[in-house]
Amino acid sequence: MTIACLGIGVGGSASVAIGDAFLITNGPICVTPSWIKVEHIEDEVRRFETALQLAAAQLRGVREQIPGDTPSDIAEFIDTHLLMLEDKALSSQPITLIRSEGLSAEWALQQHRDALIHVFEKMEDTYLRTRCDDLDHVVKRIMSILLEQHDTHFEELRGHIVLAEDLTPADVILMKNQGIAGFVTDYGGPMSHTAILARSLGIPAVIGTRGATTCLQHGERLVLDASSGVVLADCDNDMLAHFAKRRGADIARTVELRRRGVEPAVTRDGETIHLMANIELSEDVSTALVNGAQGVGLYRTEFLYMNRVGPPSEEEHFAAYRAVVEGMQGRPITIRTLDLGADKQPGSRTHSGASGNPALGLRAIRLCLKEPELFMPQIRAILRASALGPVSIMLPMLTSTWEVEQTEHIIHQAMAQLEAEGFDFDRAIPIGGMIEVPAAALNARAFAERLDFLSIGTNDLIQYTLAIDRVDEELNYLYDPVHPAVLRLIREVIGAAAAADVPVSMCGEMAGEVRFIPLLVAMGLRELSMQPAAILDVREQIRHLDAARLARTVDRLFESFEPIDPLALFDELPPIH
Ligand code: PEP
Ligand code: MG
């Protein structure tokens, strides 16, 4: 057995995956300039045309194998690529370049790709600008045929452990549908949306290994242990049997915890903690329910925008929300308005080309207020869904209260339109905000007075407070949810909500980590929203706590500015089983 790589383990309910490695080369397309002899020009044109036809045939093959119950976006995503492949705008210019300048097919395609990307990137429309991803996908597919590279057929991924330099949230959704066993990346941080999605979809992963794609071989049998962030190669049969047993034990434990899940999350001294689910797709509702979620505390709607051409229509939004509202059978649902930008682009590109610093760029509510035509269909659909069950609207990445006012204005406009059109909706729909920018946390009282509820988004709050990009694996060692500055900000928000008498919850990843639960309960939080699989362990932890005793202990944390390990304060607590 060899410890092949170390990284950050990302596990949901399952932490072990065993499977053969599937190496995906998704680095930048890199072709060296090359020319061909005049007498070979027509052969080269034919080679290019054949590659186009092969690429289209591969995509048609993938499309035919999509299971019937797969969300329609996936098929649309492939259709877009097929359309691009068949479009003369993509094929004719490289052929001209081969014929007129004698470029090799690869070099001609690369030249044309670069020219098209240049045009896309100059586009005003942020959404269209992000279409570069689709172009790159298609070009990579043709290029890999031309270069006779190893090609990624998604249908080949079932049961494999995918190795890639980096994967985007959009990739993870596609691969989940193809039944991957797990994945390992060279890059990425534990709070990246790729990691969050893996946790919530229950895909074991090890990310940020800085080298898995170079030190592991395509096809070799691997064991991925997300609980320790280790990837093992060359395991003998005993080792494989050991890990298969552990995987079985994970499953058995989940079944047992689910069975106990009917019992409420109440501390030993009788404090009820409401446990809600964070969901990304309407399909997550069943996992949320089976794990005993009392509602949806965060519905990340931006995943509706991924792997497709153009933004979803109002009807598509509405269909997704209706599925969640109906699925949750009367439990409350908090729908967060679109938080595209930074590491969540609609296509598969990791970063927006628009800003060198996308996490500080046109993201979330900023994008929505700048592009109301993108925002309005979503707001109308959320309002329409509010007629079907208890729905709230939550605004991401608030920084200043005028953003709330502007959004309310748009919501009122949408209400007036729906009223005139005869649609039913909840006129008193609660409007809440995420506190995830330090400015908003420091000024939380102003938000608490204007909004119906607050939710603390620690993933971003930590990123912005500690000035660490959440997708940069080189900074993982600085990612500290219990940094005194972060805890002071959280305390500020909880205090502001209490003073204004509005509910406050936490929906960042911190809320789903068992080791932080005593601290969060001690600080006064009574509602936590987390990836559905985490609810089981968190509920068990809560049942061992004494909230009053914790609250007495927590003040010691803020008595001085001396470093103190906040978790050590609570370590006399009994371990959970
Ligand atoms: C957060 O920032 O904590 C959060 C819940 O939102 P997201 O992870 O989607 O940015
Ligand atoms: Mg956030």
Side-chain angles (χ1 to χ4, degrees), residues 10 12 168-170 172-173 188-201 207 275-281 284 296-306 334-346 350-352 358-368 392-399 403 432-441 444 447 453-472 479-483 486-487 489-490 493-494 504-513 516 520 525 527-532 534:
V10 176
T168 64
V172 174
I173 294 176
M191 299 302 139
S192 65
H193 286 92
T194 297
I196 289 175
L197 201 59
R199 258 180 232 118
S200 126
L201 295 175
I207 57 170
L275 300 185
M276 314 290 276
N278 290 353
I279 65 168
E280 279 82 39
L281 307 168
D284 297 337
V296 171
L298 166 65
Y299 177 6
R300 289 185 167 99
T301 57
E302 47 280 5
F303 292 94
L304 288 170
Y305 295 72
M306 291 183 186
T334 301
I335 304 183
R336 180 176 75 179
T337 58
L338 125 89
D339 181 11
L340 282 180
D343 67 329
K344 286 180 289 189
Q345 298 295 332
T350 315
H351 294 294
S352 145
L360 303 181
L362 194 59
R363 181 188 160 185
I365 197 68
R366 302 172 180 185
L367 176 67
C368 291
S392 315
I393 301 182
M394 183 156 75
L395 313 177
M397 214 192 168
L398 292 168
T399 310
E403 291 164 330
M434 290 195 64
I435 303 298
E436 47 186 350
V437 174
F447 288 97
F453 62 93
L454 303 181
S455 186
I456 307 173
T458 46
N459 307 336
D460 279 311
L461 188 62
I462 296 165
Q463 151 166 269
Y464 296 128
T465 306
L466 305 184
I468 49 168
D469 189 334
R470 60 196 265 194
V471 298
D472 187 342
Y479 199 88
D480 181 10
V482 293
H483 187 291
V486 173
L487 293 184
L489 288 175
I490 293 174
V493 181
I494 296 171
V504 58
S505 65
M506 178 179 283
C507 63
E509 294 295 281
M510 186 179 183
E513 274 199 58
F516 298 133
L520 299 179
L525 282 168
E527 183 175 315
L528 303 171
S529 192
M530 63 203 76
Q531 47 117 346

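Atoms within a ligand are numbered from 1 in the order they appear, just like the ligands themselves. Please read these numbers as outputs of a predicted model, since none were measured by experiment.
Comparing R300, M394, M191 by heavy-atom distance to atom 9 (O) of ligand 1, the nearest is R300. Nearest-residue assignment for atom 8 (O) of ligand 1 (options E509, R470, E436, M530; heavy-atom criterion): R470.
Neither the backbone nor the side chain of M506 has a heavy atom within less than 4.0 Å of ligand 1. By the criterion of a heavy-atom distance under 4.0 Å, the side chain of L298, and not its backbone, is placed next to ligand 1. The part of R363 lying near ligand 1 is the side chain, judged by heavy-atom distances below 4.0 Å. At a heavy-atom distance under 4.0 Å, only side-chain atoms of I196, from C-beta outward, approach ligand 1. Residue D339 touches ligand 1 through its side chain alone, judged by heavy-atom distances below 4.0 Å.
In terms of polar-atom proximity, defined here as any N/O pair under 3.5 Å, H193 does make such a contact with ligand 1.
The Mg ion (ligand 2) lies at 2.8 Å or more from every N, O or S atom belonging to D339.
Distance check, rounded to the nearest 0.5 Å: CE of M506 to CD1 of I494 gives 6.0 Å.
Remark: the S455 side chain and the S505 side chain contain an N/O donor-acceptor pair separated by less than 3.5 Å.
Shown here are the side-chain hydrogen bond (donor to acceptor under 3.5 Å, both in side chains) partners of E513, two or more places apart in sequence or in another chain: R515.
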